[in-house]
Amino acid sequence: MANIETDPLLRPHQPLTGKTVLLGVSGGIAAYKAADLASNLVQLGADVHVLMTKTATTFIAPGTFAALTQNEVHDNVLERWHRGFTGHITLAHSADAFIVAPATANTIANLALGLASEIIGTTALSTQAPLLIAPAMEHAMFHHPATQEHLATLVARGATIIGPEPGRLASGEWGDGRLSPVADLTGAVRNAVGRSGALAGKRIVVTAGGTHETLDPVRFLGNGSSGRMGYAIAQAAMDLGADVTLISGPTALQMPYGVQAVPVVSAQEMYDAVHAALPTAGGIVMTAAVADFRPATSSTTKIKKTAGTDTMSLELAKNPDIIGSLKDEALVKIGFAAETNDHIANGQTKLEAKGLDMVVVNDAVAAIGARTNQATIITRGHEPEALPLMTKEHLAAEIASRLAGMLATR
Ligand code: CTP
């Protein structure tokens, strides 16, 4: 029996294991949200070191970050050196990414001008790590030419700016200036850390979710696919540095930050979107649960019950086979096979019939909508390889890494 206490594959995936992330917190009211960001990054496996301006410590106590990160918080540019720790120099050299969230107008100005009066500026001057800046401030300050020029300077130097978002600001006014959602900031850090990964420079197309086939203006034929497997693969490919196009049927999920999102509804729309996205792609992973059939006709008005009739028949027309229609030999094609019986034999048939490089076979009933998946990998010329039960995020990382291996030999 699988046990989350003893089996790390059933716990959340930690793609930032072994990575050092610096989190600069400057003094705005959104500083409290940085605690959530620190926690998220730690849960993803990162070694997080928090750097605070003096003003930030009036909004949130350093002890909060010390507890969340299990690391000392740095708020003093003249901090003592001890036992191999040389202040901002040590932090700067060990960093895989440096995110400043929230970044106030003052801190942005300091970064643009290269000022070193606070530890965030000092460390930014000393590091080669990707710099991510998440502005949060009053909208007039954000739109002021001084702030805009500073941001443009930072972008020209290679920094990534995330947000801000429009909405209600702390003053009660409305405008641009809210800190981007923590999920976006976390995603931006993942993508920055992955930049030089095994899929760097590759474009990958991922399809996800189920398709909806319209029956009438308020009804459709669909399935219970959550989209979770495909979204996890899109993120896992970005963790390895890929540019990802995620073509998704309707789901309740948030698009991963940094993905090129192509929302679709029907199988035909997914077919068109896949063909439009392919010319620059090195690989495709089709996790989508594409409807094999659609209503032969869809009604423009709501279908009504007919008095005295207890049954209703629908005529269905076959949808195109999307992955089977891709003939480019150089493209790495990974399909999924969701089966209820004869899993391996059906997976092998799909590998051949659709001309795929790899098929991930799983049990349709157990996998659909679930958090975990037990898959078997089928490739040409190899015995089927049964993987242990694991979260969809762990399986996604496994598939992304195999995809990188296959692309490297093309
Ligand atoms: N697929 C596709 N286009 C379709 C149907 C499926 O590209 N019209 C893809 C799926 O995304 C998956 C693979 O083909 O990667 C296998 O899908 P699956 O539904 O298991 O198989 P089908 O080909 O639909 O066969 P069947 O439903 O008869 O098992």
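Counting starts at 1 for both ligands and their atoms, in listed order.
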A.B. asks: Does Asn71 reach the main-chain N or O of His49 with its side chain, forming a donor-acceptor pair under 3.5 Å?
C.D. replies: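 Pair absent, no side-chain N/O of Asn71 close to backbone of His49.
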A.B. asks: Tell me, which pairs form a side chain to side chain donor-acceptor pair (under 3.5 Å) where one or both residues lie in residues 240-261, sequence neighbours left out?
C.D. replies: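 Counting only pairs at least two positions apart or across chains, the side chain to side chain donor-acceptor pair (under 3.5 Å) contacts touching residues 240-261 are Arg203-Thr245, Arg203-Gln260, Tyr231-Ser248, Tyr231-Thr251.
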A.B. asks: Is a salt bridge present between Asp239 and Arg190, judged by a nitrogen-to-oxygen distance below 4.0 Å?
C.D. replies: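 Salt bridge between Asp239 and Arg190, a charged N being under 4.0 Å from a carboxylate O: yes.
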A.B. asks: Only distances under 3.5 Å count here; give the side-chain donor-acceptor pairs of residues 270-290 to other protein atoms, sequence neighbours excluded, each with its distance to 0.1 Å.
C.D. replies:
unit_1	atom_1	unit_2	atom_2	d
Asp272	OD1	Gln268	NE2	3.2
His275	NE2	Ser325	OG	2.9
Thr287	OG1	Thr207	O	2.4

A.B. asks: Non-hydrogen atoms closer than 4.0 Å to ligand 1: which protein residues do they belong to? List them by chain and number, please.
C.D. replies: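 For ligand 1, the residues that come within the 4.0 Å heavy-atom cutoff are Met286, Ala288, Val290, Asp292, Pro320, Asp321, Ile322, Ile323, Gly335, Phe336, Ala337, Ala338, Lys350, Lys354.
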A.B. asks: Does anything in residues 391-410 form a salt bridge (Lys or Arg N to Asp or Glu O under 4.0 Å)? List the pairs, not counting sequence neighbours.
C.D. replies: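 Counting only pairs at least two positions apart or across chains, the salt bridge (Lys or Arg N to Asp or Glu O under 4.0 Å) contacts touching residues 391-410 are Arg228-Glu393, Asp357-Arg410, Glu385-Arg402, Glu398-Arg402.
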A.B. asks: Ala66 and Val73: which non-hydrogen atoms are nearest, and at how many Å?
C.D. replies: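 Here Ala66 and Val73 meet closest at N-CG2, 3.5 Å.
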